[in-house]
Protein chains: 2
Amino acid sequence: MTTAQDVQLDSLDAELIALLAAEPRIGVLECSRRLRVARGTVQARLDKLLARGVIRGFGPEIEPAAIGFGVTSFVTLEISQRYGHDAVAAHLSDIPEVLEAHTITGSGDLLCRIVARSNTDLQRVIDQIVSYEGIVRASTIIALAEQIPYRVLPLVRSATVNPRQAGHTSSTRENNAD
Amino acid sequence: MTTAQDVQLDSLDAELIALLAAEPRIGVLECSRRLRVARGTVQARLDKLLARGVIRGFGPEIEPAAIGFGVTSFVTLEISQRYGHDAVAAHLSDIPEVLEAHTITGSGDLLCRIVARSNTDLQRVIDQIVSYEGIVRASTIIALAEQIPYRVLPLVRSATVNPRQAGHTSSTRENNAD
DNA sequence: TACCAAGTGCACAACCTGACCAGCATTTCA
DNA sequence: TGAAATGCTGGTCAGGTTGTGCACTTGGTA
């Protein structure tokens, strides 16, 4: 399981994803019409994509800026070796303004995405972050503009393996792939 | 316009968002049952959240790792002043592996999120990025682990102003808003 | 050749959606 | 104090959609 082998999308999958991304409110039936395939096919594909984890879900996408958090920043944290990442991560997860955090290469640190209501507010959030003793230092970078908003479709397309015929992603043996 | 005053969610809004985030496939009717309000109310709230831009949409969330892009990295680009951000952004947007890009404070540069199939593949992508002459230098940071996966719910909760009564965000007149 | 996976088309009942209504409570304002 | 506006409730309606099961066809494999 977790089988990295299924990692192959055909063009129908890609089109389906693109279609759903473009018009999320449409249903399975509408998709089948647009893609010119049977409804059952769309249903089956969708189920598979969900089962494989390619599509994680259809949650509402919230725009932080629309609820007052217009400032985005990336903060790199240098943490004390004695504390460990997990403890720091636990601390960070208590702060709502921390939208995500990754451990990264380099000085063995953390990179997190922070939002705030204003630059002043950002200071407050950062103070809150560094108040934890496991954190030695924080260096903040403010995002001025979003040159490329988060997107995945181009990637989906580039990951597509052309054949549009039978779904046969998994002919005889479906593993071996990777 | 963009009325920063509408930027206020009450607890019903927050609960609705949380509910949708938890179980995206449920419909308006089911929401109204769960939240113990009339269906029309849920519909109205949802419409308003969408209209205000708080909820951007319900697109499928794709997991890059599930389609073979298991390596995530953050690349900081130093760009030549002579070229400007936009030209570079245009170049970047041609590369599917670039999932997002922001201009940032500091040396007036760009921070982007890149995925790749492997570390070797990452090298390929980076080479492709720096092939553009407007880019002077790229420094790459690889994300080793996702300590806090992208999340917004805590933020939504913290942005909530409790009163559960009338939405009256925009008092007497409701138009003027957008 | 027989088998299997995948797709097609069809049918059914159950359900949900969008639209509409009148009634009621609360707040705002004259 | 009374009128108007706003939001929520609970109900109806027709029409479309979903989930499911089934028979049939197709292409590749053992």
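Below, read A as the first sequence line, B as the second, and so on, with proteins coming before strands; counting in each chain starts at 1. Only heavy atoms go into these numbers, but all of them, side chains included; no hydrogens, no water, no symmetry mates.
For the pair B/Arg113 and B/Phe74, the NZ or CZ position fails the cation-pi test of under 6.0 Å to the six-membered ring centre and within 45 degrees of the ring normal.
The nearest whole Å value for the distance from the CG atom in A/Asp47 to the P atom in D/dT18 is 12 Å. Computed from coordinates, the B/Leu29 CG to C/dG18 C1' distance equals 12 Å when rounded to whole Å. One atom, CG of B/Leu16, and another, P of D/dG7, lie 16 Å apart when rounded to the nearest Å. The distance between atom CD of B/Glu30 and atom P of C/dC15, rounded to the nearest whole Å, is 12 Å. Straight-line distance from the CG atom of B/Leu46 to the P atom of C/dA19: 13 Å, rounded to whole Å. Following rounding to the nearest Å, B/Ile26 (CD1) and C/dC15 (P) show an atom-to-atom distance of 16 Å. For the pair B/Leu35 CG and D/dC8 P, the interatomic distance rounds to 12 Å; values are reported in whole Å. For the pair B/Glu15 CD and D/dC8 P, the computed distance is 13 Å after rounding to whole Å.
With hydrogens and angles ignored, a donor-acceptor pair closer than 3.5 Å exists between the side chain of A/Arg39 and the base of D/dT20.
Note on B/Leu49: it does not cluster hydrophobically with B/Leu153, by side-chain heavy-atom contacts below 4.5 Å among ILVMFWY residues.
Distances were taken from every side-chain heavy atom of B/Val28 (C-beta onward) to each of D/dG7, D/dT9, C/dT17; the shortest belongs to C/dT17.
For the pair A/Gln43 and D/dT18, the criterion of a side-chain N or O lying under 4.0 Å from OP1 or OP2 is not met. For B/Thr41, no side-chain nitrogen or oxygen approaches OP1 or OP2 of D/dG7 to under 4.0 Å. Contact annotation: B/Arg45 reaches the phosphate of D/dC8 (side-chain N/O to OP1 or OP2, under 4.0 Å).
In this structure, the side chain of A/His91 engages the main chain of A/Ile129 through a donor-acceptor pair within 3.5 Å.
Residues A/Arg33 and A/Gly40 both approach DNA chain D. Their nearest nucleotides, taken by heavy-atom distance, put A/Arg33 toward the 5′ side.
Remark: A/Thr160 OG1 to A/Leu9 CG distance equals 5.5 Å, nearest 0.5 Å. Interatomic distance, B/His85 NE2 to B/Leu110 CG, rounded to the nearest 0.5 Å: 5.5 Å.
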